[in-house]
Amino acid sequence: MTGTATNSATDISSLSDWKYKHNESDTTSTPVIAEEGVATSIELEKLIPHIATYIEQKNYAESKKNEAIIIKLNMLETKRLRNPLDVIIEEDSEGFIARTVDFSLFGCGDDRIEAIDALKFEIESLYFDLIEDDNFTEEWLSIKNFLIELIIDS
Amino acid sequence: MKNAQFNVRDVKKVGEKKLHIEFKSGKEFNGWFKLNGVKAKRITVPKGRKNIPRKTYASMARQLGLSVSDFDQLLECPLTKAKYEKIISK
C-alpha cells in the first residue's frame, strides 16, 4: 500500500515536472485530463470580466426600467405650448403613468407613449374646462392663468 | 393602500353618489367636486382599466386633496361627504 501511494505521489510530481519542462506548449503529447483542466480555467478567467460587464449592464437596464424619467412636453394633442412643461413618467404596475409636475393631472397607458398621449389629452381637457367660466377656487384660477399663458390658442 | 380592493367603477360610483360629482366622458372620465357651489377638485378616472395601479390610485387621491388612507376610507364608506369637505377646507 505504501509503495503504491509513493508511486502515485511520484507520478503527480513527475507530471508537474513534465508540464514545467515542456512549458505546456506541446498539447499533442499532454495528458488529456490535464490539458482539459488547464484550458477550462483559462477560458473561465477570460470570461469573468465579460460576465461581470454583462451583469452590470443588465442591472443598470433593470434599474432604468423602473426609474422615473422627466421629459419636457412641447405639444399637446392639438395645441402647442409656449414653454415646455415638465412631465414625470413612471412605471405603474403593468402600465405607465405620466403626470404633470406643476399641477395634479395624470394620464395612463400600457406604454410610455400611450401615457404621454393620455396626459396631453387631459391637459387640453382641463384647459377647456377652465376657460368655460370662472367658478373655481383660487388654486384653480391660478392654474387657469398658468395654462392660458402656456398654451398657444390657435 | 387598498387599490387592489377597488376598481375604476367603484371610484366613479363613489364620486357620483357620495360627492355628487358629475363625470364627463372623454378619453377618461373627468369630474369636478363643488365645495359651496365652487369647483374645487377635479378627478380623473381612467377608462378601460379594471384594476387600479398603485400610482394611479395615489394620483386620484391627490387630485381629491386626500391622503391615500383617507381615499381608502372614502371608498370604503367611513369618510362621509361632510368629513371630506372638512378635510379639503383646511
Side-chain angles (χ1 to χ4, degrees), chain A residues 65-70 76-78 87-147, chain B residues 1-9 11-12 15 19-68 70-71 84-85 87-90:
Chain A
K65 197 182 155 196
N66 298 324
E67 212 171 80
I69 55 167
I70 299 178
L76 301 179
E77 208 170 55
T78 61
V87 169
I88 299 173
I89 308 163
E90 292 173 291
E91 215 177 346
D92 193 14
S93 296
E94 287 164 13
F96 287 86
I97 182 168
R99 53 192 175 88
T100 46
V101 175
D102 299 288
F103 43 91
S104 192
L105 214 56
F106 68 89
C108 315
D110 291 335
D111 54 47
R112 288 187 174 92
I113 304 291
E114 214 174 88
I116 295 166
D117 285 345
L119 179 65
K120 284 179 178 179
F121 183 88
E122 282 306 307
I123 298 168
E124 281 199 15
S125 158
L126 171 64
Y127 174 69
F128 290 128
D129 273 8
L130 291 171
I131 57 170
E132 263 180 22
D133 55 56
D134 284 326
N135 186 27
F136 300 100
T137 56
E138 284 301 316
E139 186 192 356
W140 282 108
L141 287 174
S142 66
I143 292 171
K144 178 179 178 171
N145 291 333
F146 173 76
L147 285 178
Chain B
M1 184 181 286
K2 295 180 176 172
N3 61 310
Q5 286 179 28
F6 303 104
N7 58 41
V8 289
R9 279 185 190 174
V11 177
K12 189 170 173 277
L19 304 181
H20 307 139
I21 294 173
E22 285 175 21
F23 286 96
K24 272 200 291 189
S25 180
K27 268 191 184 173
E28 318 284 16
F29 292 109
N30 282 301
W32 287 93
F33 172 75
K34 287 181 185 172
L35 182 66
N36 303 323
V38 178
K39 286 177 245 180
K41 299 289 173 190
R42 184 181 191 267
I43 184 171
T44 304
V45 180
K47 277 184 179 175
R49 279 174 182 265
K50 281 181 187 170
N51 299 317
I52 309 171
R54 290 175 68 85
K55 284 169 189 163
T56 303
Y57 189 82
S59 295
M60 288 194 284
R62 208 176 301 125
Q63 286 185 328
L64 285 178
L66 291 173
S67 66
V68 169
D70 281 342
F71 190 52
Y84 172 65
E85 286 178 344
I87 290 171
I88 65 165
S89 299
K90 277 178 191 171

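Lettering of chains follows the sequences in order, A, B, ..., and the numbering in each one begins at 1. Atoms considered below: every heavy atom in the structure, side chains included; atoms not considered: hydrogens, waters and symmetry mates.
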One should read off an interatomic distance between B:Arg62 CZ and A:Arg99 CZ, to the nearest 0.5 angstrom, of 5.0 Å
Got a second to check how far A:Thr137's OG1 is from B:Leu35's CG, nearest 0.5 Å?
-> 8.5 Å
Shortest non-hydrogen pair, A:Phe106 vs B:Gln63, comes out as CE2-OE1, 3.4 Å
Would you say B:Glu22 has more than 12 foreign heavy atoms packed within less than 6.0 Å of its CD?
-> no
Smallest separation among heavy atoms of A:Asp92 and B:Arg54, with atom names = OD1-N, 3.4 Å
What pair of heavy atoms forms the shortest contact from A:Ile97 to B:Ser59, and how long is it?
-> CD1-OG, 3.4 Å
Residue part contacting chain B, namely of A:Phe121, when any heavy atom lies under 4.5 Å | side chain
The reported gap from OG in A:Ser93 to CG in B:Asn3 (rounded to nearest 0.5 angstrom) is 7.0 Å
Rounded to the nearest 0.5 Å, how far does CG of A:Leu141 lie from NZ of B:Lys39?
-> 10.0 Å
If one checks every heavy atom of A:Ile143 against chain B at 4.5 Å, the contacting part turns out to be neither
Whatever's closer than 4.5 Å to a heavy atom in chain B on A:Glu138 counts as neither
Geometric class of the A:Phe136/B:Trp32 ring pair [parallel <30°, tilted 30-60°, perpendicular >60°] = tilted
So with a 6.0 Å cut-off around CD1 of B:Ile87, is the heavy-atom count from everything else above 12?
-> yes
Cut-off 4.5 Å, heavy atoms of chain A, and the answer for B:Lys41 is both
So which heavy atom on B:Arg42 is nearest to which on A:Ser125, and how close?
-> NH2-OG, 2.8 Å
Under-4.0 Å salt bridge between B:Lys27 and A:Glu124 | no
Closest non-hydrogen atom pair, B:Thr44 against A:Leu105 | OG1-CD1, 4.5 Å
